[in-house]
Amino acid sequence: MECAIANFVAPGATVAVFANGYFSDRITEMARRHGATVQRLEKPWGQIYTDAEARDFIHAVRPQVVAYVHAETSTGAHQPGDGICRAARDAGALVIADCVTSLGGMPVRVDETGIDIAYSGTQKALGAPPGLAPITCSPRAVEYLRQRKSPPASWYLDLKLLLEYYESAHRYHHTAPISMFYALREALAIIEEEGLERRWQRHRSNHERFVAGLAEMGIRMHVAEGERLWTLNTPLVPDGVNDAAVRRRLMEAHGIEIAGGFGPLAGKVWRIGTMSYGSTEENIDLLLAALREALTAEGWKA
Ligand SMILES: *Cc1c(COP(=O)(O)O)cnc(C)c1O
């Protein structure tokens, strides 16, 4: 995230942020620290933007850079980027997309969507240890880098210097965490063995199995159908149920850790990851049974 901001947001640039959760707030904060003027379009946590909203906002703001979160881990919402990218291209702006919780678990069609800079992390749906953040830049973005006059405020994340390493000269920049590259390579080999499409399908069907099981218990989802992540689920905490007490029971009785909501969703939703090797039918069924048990113990009737 910071590499994308540092390299493509020059001081004084206008950045349009589609705000709808914690990570778009983090993008906002970083862009401000790098000297940008940030214009935000606001929606409640859990909602997403339509193509028409994206177009109107970008046309009004005329930004140099547009940023959105493809998979918002704080809310469970999936923001398709096609409309945003189309409008950004019309306005001559570069698009940054946060794909941390989607890459490896849901389709991330960077070029088809028109994303210029996409970044992710190794520790989510790729299923590797934390430590690396894959990033990709479109030819348009690379062209911007080559033309950029002032160097970015971050030396470590300076992609122009890194290009001199990755391209012809192999000029020393920093020592890479080599063991992490081996870990990522193995994680990608595992993905290749399963097949990307099959992996997406597995995440989708396990997510749907989970949502169906919750519905059977009478638990609804925070995010509207069709706008949900397959990797991160946000069921609503039923009325009268103590969110933290249920989480504690799951942990103590089963060693299952689920997360609470935070920010405006504190106490209102649970955040339950079903990603990478964690996304299995066995895990879903185990979790549903454990959740039913914990809720019953808390005096709630399914
Ligand atoms: C996890 C996550 C990040 C940042 O990853 P760290 O765990 O803080 O390294 C950024 N964006 C999204 C959407 C995430 O889910």
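Note that ligands are numbered from 1 as they come in the structure, with each ligand's atoms numbered from 1 the same way. Given the structure is predicted, the values throughout are model-derived calculations rather than measurements.
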Give a yes/no on ligand 1: does K124 have at least one heavy atom closer than 4.0 angstrom to it?
yes
Quick test: of every protein heavy atom, which one is nearest to atom 11 (N) of ligand 1, and how far off is it to 0.1 Å?
D98 OD2, 2.7 Å
Check contact between A71 and ligand 1, using heavy atoms of the residue and a distance below 4.0 angstrom.
yes
Can you tell me if Q123 contacts ligand 1 (heavy atom of the residue under 4.0 Å from the ligand)?
yes
For this output row, return yes or no: ring centroids of Y49 and Y68 closer than 6.0 angstrom.
no
More than 12 heavy atoms of other residues, nucleotides or ligands under 6.0 Å from CZ of R198: is that the case?
no
Examine the proximity of ligand 1 to A133 and report which part, side chain or backbone, both or neither, has a heavy atom under 4.0 Å away.
neither
Below 30° counts as parallel, above 60° as perpendicular, anything between as tilted: where do the rings of H174 and Y156 land?
tilted
So for atom CD, which belongs to E225, do other residues, nucleotides or ligands contribute more than 12 heavy atoms lying within a distance under 6.0 Å?
no
Considering only the protein, which heavy-atom contact is closest to atom 3 (C) of ligand 1, and what is its distance?
F23 CE2, 3.4 Å
Within 4.0 Å of some non-hydrogen atom of T73, the atoms of ligand 1 are 12 (C), 13 (C), 14 (C), 15 (O)
Please state which protein non-hydrogen atom is closest to atom 8 (O) of ligand 1 and give its distance, to 0.1 Å?
R26 NH1, 3.3 Å
Whether over 12 other heavy atoms sit under 6.0 Å from F262 CZ
yes
Would you sort out whether R199 and H203 count as a side-chain contact (heavy atoms from CB on, under 4.5 Å), showing the intermediate values?
CA-CA 6 Å; R199 189 177 174 94; H203 280 78; 3.9 Å; yes
